[in-house]
Amino acid sequence: MKICTRQICFIMLAYTAVSKIIIYPTFLSSLCGRDLWFPALFSFAVQAVVVWAISYLCSRTDKTLFQLIEGTLGNICARIIYGLFGLFFILGTIMPLIEQKLYTHAIFYDTVPSLLVFLPFFMFSVYAASKKFTNIGRSADICLPLFVLSLLFLLVMSLWEVHWDNFLPAFKTPAKDLFGGSLATAYLFFEPCWLLMFMGHFKYNKWDATKITASYIGGGLLVMLILFIYYGIYGEAAVSRQFAISKISLFFPAIDLLGRIDLVALYVLEVVMLFAVVLNIQLAVHCFAECTGWQNRAALSAIVNGILLVLIIVLDSKYNSLSQVFGKWLWIVFLLFATVVPLLSWAMKRRAK
């Protein structure tokens with residue numbers, strides 16, 4: 001097997017959390033105000049159910065998703081669907097990549113052109129995305145302790161600055177806005193697709209579904225905690241504070257004496273963020289390899305990363321417009337691939353030959 005349950009748990013915990021702590025809190029604050037925790041809770045609850053369903057499915061079959069589709073709909077359909085998943089992973093990488101570019105430029109290298117700073121990422125990504133699932137698992141082993149230590153450091157620095165009365169009175173936001181906030185941020189919730197790609201590539205043992213689902217819930221709870229800390233510190237001003245994870249520790253008393261010691265943790269956390277983005281690119285390469293039958297992953301990685309580089313250059317100054325497109329229209333695509341298709345995989349399991 002190419003990856004183990006422990007590594008999948010690490011991915012579902014760490015990568016789930018780091019993919020939602022840059023712009024997500026600010027965006028939710030602008031949509032739902034003090035009730036921003038509700039759409040987040042709803043989104044995580046729905047995705048946790050889907051994650052459990054796929055995890056449990058892995059206990060009922062040792063086939064990959066490609067083999068399930070092939071046994072139900074035939075080889076051509078399996079290739080088409082995997083090709084669509086490859087495009088979906090590219091689509092799902094666009095917003096996180098732009099967020100990363102804006103974040104690294106604003107926090108670490110604000111005097112250097114942002115695109116120039118971010119070009120080394122693609123050099124790393126071309127190499128990393130050409131590797132198979134074994135590399136994904138080993139990267140997760142490395143990233144988990146970095147994630148835990150850096151995030152714990154930031155939380156300790158910020159937790160005592162929260163003003164809990166910023167969340168009162170609760171549930172003053174109209175219900176349509178609360179559920180609208182969940183749909184508008186659906187482009188950040190497609191972790192079940194990661195698990196779909198891992199099907200058949202790890203050996204299922206007893207209670208693995210519980211472990212994987214619990215890990216995902218743990219990642220969700222960490223995001224919820226950051227949402228509470230962020231809005232608890234800034235209140236109504238949260239909508240004007242970009243890059244939430246870099247803002248929650250600013251009021252720690254020792255910063256006045258020692259300087260931005262939180263930047264050490266932010267640098268370390270950035271490493272985990274980049275691996276989380278690369279995971280989507282790795283899975284896109286995997287899907288295209290299955291779709292085309294072309295196993296030259298280095299070439300496929302270069303092509304996928306080249307497409308993303310062109311997209312980032314073209315969309316460099318259009319983040320606000322792009323977020324509106326993703327929030328208002330493309331939630332349908334993410335709902336289809338991250339919720340509907342994973343649940344339909346149960347039907348394919350029953351019909352697969």
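Throughout, residue positions are numbered sequentially from 1 according to the sequence presented.
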With side chain to side chain donor-acceptor pair (under 3.5 Å) as the criterion, how do Gln242 and Tyr103 come out once you've worked through the C-alpha distance, each side chain's angles and the decisive distance to 0.1 Å? CA-CA 9 Å; Gln242 295 288 342; Tyr103 173 73; over 6 Å; no
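- Relative orientation of the Phe38 and Phe42 rings is parallel, given thresholds of 30° and 60° on the angle between their planes.
- Geometrically, Lys2 does not engage Phe198 in a cation-pi contact, judged by NZ or CZ lying under 6.0 Å from the ring centre and within 45° of the ring axis.
- Between Phe288 and Phe89, the distance separating the two ring centers is not shorter than 6.0 angstrom.
- Annotation: Phe275 is in aromatic contact with Phe124 [ring centroid separation under 6.0 Å].
- Two rings, from Trp37 and Phe171, have their centers less than 6.0 Å apart.
- Using the six-membered ring where Trp is involved, His286 and His201 have ring planes that are perpendicular, over 60° apart on the 30 and 60° scheme.
- Minimum interatomic distance between Ala129 and Gln282 (heavy atoms only, all atoms of both residues): CA-CG, 3.4 Å.
- Between Phe167 and Tyr231, the ring-plane angle classifies as tilted under the 30° and 60° cut-offs.
- Phe243 places a side-chain heavy atom less than 4.5 Å from the side chain of Ile23.
- Taking the charged nitrogens against the carboxylate oxygens, Asp208 and Lys203 have no contact shorter than 4.0 Å, which rules out a salt bridge.
- Rounding to the nearest 0.5 Å gives a distance of 9.5 Å between CG of Asp262 and CD1 of Ile245.
- Every residue meeting the side chain to side chain contact (heavy atoms under 4.5 Å, CB included) condition with Ala265, not counting sequence neighbours, appears here in chain and number order: Ser150, Phe153, Leu154.
- A 4.5 Å side-chain heavy-atom check between Tyr15 and Phe10 finds every atom pair outside the cut-off.
- Closest of all the heavy-atom pairs between Ser301 and Val285 is CA-CG2, 3.7 Å.
- Judged as a side chain to side chain donor-acceptor pair (under 3.5 Å), and not counting sequence neighbours, the contacts of Thr26 are Tyr230.
- One finds the CZ atom of Phe202 at 4.5 Å from the CD1 atom of Ile212 (value rounded to the nearest 0.5 Å).
- Taking the six-membered ring for Trp and the full ring otherwise, Phe189 and Phe334 have centroids separated by 6.0 Å or more.
- Listed here is the closest heavy atom pair of Gly218 and Leu13: C-CD1, 3.5 Å.
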